[in-house]
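Here the structure is laid out as structure tokens; the discussion comes afterwards.
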Amino acid sequence: MRNVVLGFLGTQLDRGGRRGWRPTVALCQEPGFEIDRLELIYDYKFNRLARDVEREISKVSPDTEVLLQRMDLEDPWDLQEVYGKLFDFAQNYGFDEDRERYHIHLTTGSHVAQICWFLLSESRHIPAALIQTGPPRKGRDEVGTLDLIDLDLSQYDAIQKRFDQQTREYGTLLKGGIDTKNAAFNQLIDRLEQVTERSDEPVLIMGEPGVGKTQLAQRIFEMKLQRRRVKGRMVQVNCATLRGEMAFPTLFGQRRNHTGLAGSERAGLMREADGGVLFLDEIDALGLDEQSLLLHAIETGRYYPLGSDAEATSRFQVIAAATQDLSALVAVGKFRADLLSRLNTWTFHLPPLRDRREDIEVNMRHELHQAEQKIGGRIGFNTDAAEVWLRFARAADTPWRGNFRDFGGAIVRLCTLASRGRITLNQVNEEITALKRRWDTEAIDDDAALVAEFVDRDIDPFDIPQLAWALRTCQTSKTLSEAGRKLYAVSRTQRSSVNDSDRVRKYLARFDLTWDEVSDC
């Protein structure tokens, strides 16, 4: 790998006043530390000195390429100015860690410059080690000393503000540029930003269909890429499709000699994720056999492609997404406990849209903007249409069963059918009616499916939604009494004697069910 050093021109030391020792020149003479490229930062006022140092380096180390980087500073002791200009330098540099190894020379430059170098290195905005040089010791002929160093720095307000700004930018990235108001969601994003910046352990994203798990995984990857925590790309695996004989070669790859068919060799998604992120979407749909193979690959980074006697290696970070409660699946033997333990180092539960009604309007504006870009042209709501739509969207009885998938789809339909770029009240009323009709149908189907899991005989249609409500309440309650208090919240206040547990027990018995059969606890 090429060795690259970044450093300031020493406006005093590089003149050679201290026994002729010039730290930047001496650095290029250090035995065992060959420098392929030196990025020398200088102020225009010291152009002559910079050219002199460049010529001297060409004599003592002709293989070192010297690139003079001009950076004019009004006040080299102004923390905010120095940090800001070095930060911009780092953002525009284009580091290539696969081919080059970077160091920062701290000996030259002011103490403020040293502080800024350290902070940029520690935060990985500059992926470099810190080095410091010193003059030759008395009585010796050596070029000088070279040491890797660490600094103990105080916090400075101006720099902290810059970090705070960067943190806000990363939070905005994770939220897709949407200024959300929901406290629980914003707290989740703040914590996720810390985890993404500091940890390479697996991240598990839980949530209902349509809450944005895939989009959040993509934003996590983008942030990791910006912070140089990954180098490769994000490979998405829909675990629901990893079934049957094609599951293994799809995930782990296949050697051509396994089937003898031309063109049958494939790298596999595991290999494609090397150096990047493997996103395991719908991991709750993965079969037990595939779970076992996947666990070994995640833990060791090694696996055998189909038809190969040699192990392949792939190092990647893992993001997984699930709709179902994985702990509940473990309890019934449908998910491996050891795989769950490996995945849930960091678990984040995305709230459904119905719990984020204060974010409805800002998401509406976001979806409008997205639709405008696709359709090509300005689109907006008429005033009365906007009022009716927002009232419906925020209403407590609006279920948003498909979450943002339903919400975004509705906005796209409204925008596509908007004549002359205006969404009318009539359009909104038609869309609301269509959504309600579809949700009612889906609710009936879901209720029937849930009841069918527990009752193997025909029951009256009007009993189905009531029994489904009772079953869901029992599944989310810790005790029979708690379920009774929820189910009989009104009628229990009108009775002189309350026995909620007995009422639930008798109701379930009508369908030959018991608490133990329907409870998840």
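These numbers come from the heavy atoms of this one structure, side chains and all, not from hydrogens, waters or symmetry mates. All values derive from a computational prediction rather than experimental measurement.
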Over all heavy atoms of both residues, which pair between [X] and [Y] is shortest? Give the atoms and the distance, please.
X	Y	result
P305	F248	C-CE2, 4.1 Å
A128	S121	O-OG, 2.7 Å
H349	L188	O-CD1, 3.2 Å
R198	R229	O-NH2, 3.7 Å
T398	R357	O-NH2, 3.0 Å
P23	T108	CG-CG2, 3.7 Å

What is the distance from atom [atom1] of [X] to atom [atom2] of [Y], rounded to the nearest 0.5 Å?
X	Y	atom1	atom2	result
M71	E81	CE	CD	10.0 Å
I41	F89	CD1	CZ	4.5 Å
T300	L295	OG1	CG	9.0 Å
D355	W400	CG	CH2	14.5 Å
F335	L343	CZ	CG	5.5 Å
L294	L286	CG	CG	6.5 Å

Can you tell if the side chain of [X] reaches within under 4.5 Å of the side chain of [Y], non-hydrogen atoms only?
X	Y	value
V362	K181	no
F185	L350	yes
Q324	K334	no
M223	I220	no
R472	D447	yes
L353	E208	no
H103	L27	no
R438	D406	yes

Regarding Q132 and D147, do their side chains bring together a donor and an acceptor under 3.5 Å, going by distance alone? no
Judged by modelled atom types alone, do T24 and D14 share a side-chain donor-acceptor pair under 3.5 Å? yes
If only atom types and distance count, is the side chain of [X] paired as donor or acceptor with the main-chain N or O of [Y] below 3.5 Å?
X	Y	result
T473	W469	yes
R2	Y102	no
D281	V237	no
N403	P352	no
S341	A337	yes
S199	V195	no
S110	W77	no
R227	K224	no
S314	M270	yes
T64	I35	yes

So for atom [atom1], which belongs to [X], do other residues, nucleotides or ligands contribute more than 12 heavy atoms lying within a distance under 6.0 Å?
X	atom1	answer
D309	CG	no
R191	CZ	no
H369	NE2	no

Evaluate the ring planes of [X] and [Y], with Trp represented by its six-membered ring, and classify them as parallel (under 30°), tilted (30 to 60°) or perpendicular (over 60°).
X	Y	answer
F87	H125	tilted
F407	F404	perpendicular
F392	W439	parallel

If you apply the rule side chain to side chain contact (heavy atoms under 4.5 Å, CB included), what do you find for E34 with D63, and how did you get there? CA-CA 9 Å; E34 290 77 17; D63 292 333; over 6 Å; no
Could you check Q187, E358, R356 and say which one makes a side chain to side chain donor-acceptor pair (under 3.5 Å) with N182? E358
Show your reasoning for whether side chain to side chain contact (heavy atoms under 4.5 Å, CB included) applies to L326 and L204. CA-CA 10 Å; L326 297 184; L204 178 59; 3.8 Å; yes
Among K486, R485, K478, exactly one meets salt bridge (Lys or Arg N to Asp or Glu O under 4.0 Å) together with E482. Which residue is that? K486
Identify the residue among Q218, M234, Q317 that makes a side chain to side chain contact (heavy atoms under 4.5 Å, CB included) with F279.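 So, applying the side chain to side chain contact (heavy atoms under 4.5 Å, CB included) to F279 and each of Q218, M234, Q317, only M234 qualifies.
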Determine, step by step, whether R394 and E361 satisfy the side chain to side chain contact (heavy atoms under 4.5 Å, CB included) criterion, reporting the C-alpha distance in whole Å, the side-chain angles of both residues, the deciding distance to 0.1 Å, and the verdict. CA-CA 9 Å; R394 293 168 173 161; E361 185 171 1; 2.9 Å; yes
Closer than 4.0 angstrom, basic N to acidic O: yes or no for R101 and D36? no
Pair D88 + K85: basic N to acidic O under 4.0 Å: no
Does R233 form a salt bridge (Lys or Arg N to Asp or Glu O under 4.0 Å) with E272? I'd like the steps, not just the answer. CA-CA 8 Å; R233 64 191 187 93; E272 292 179 18; 2.6 Å; yes
Show your reasoning for whether side chain to side chain contact (heavy atoms under 4.5 Å, CB included) applies to T196 and Q194. CA-CA 6 Å; T196 303; Q194 290 181 293; over 6 Å; no
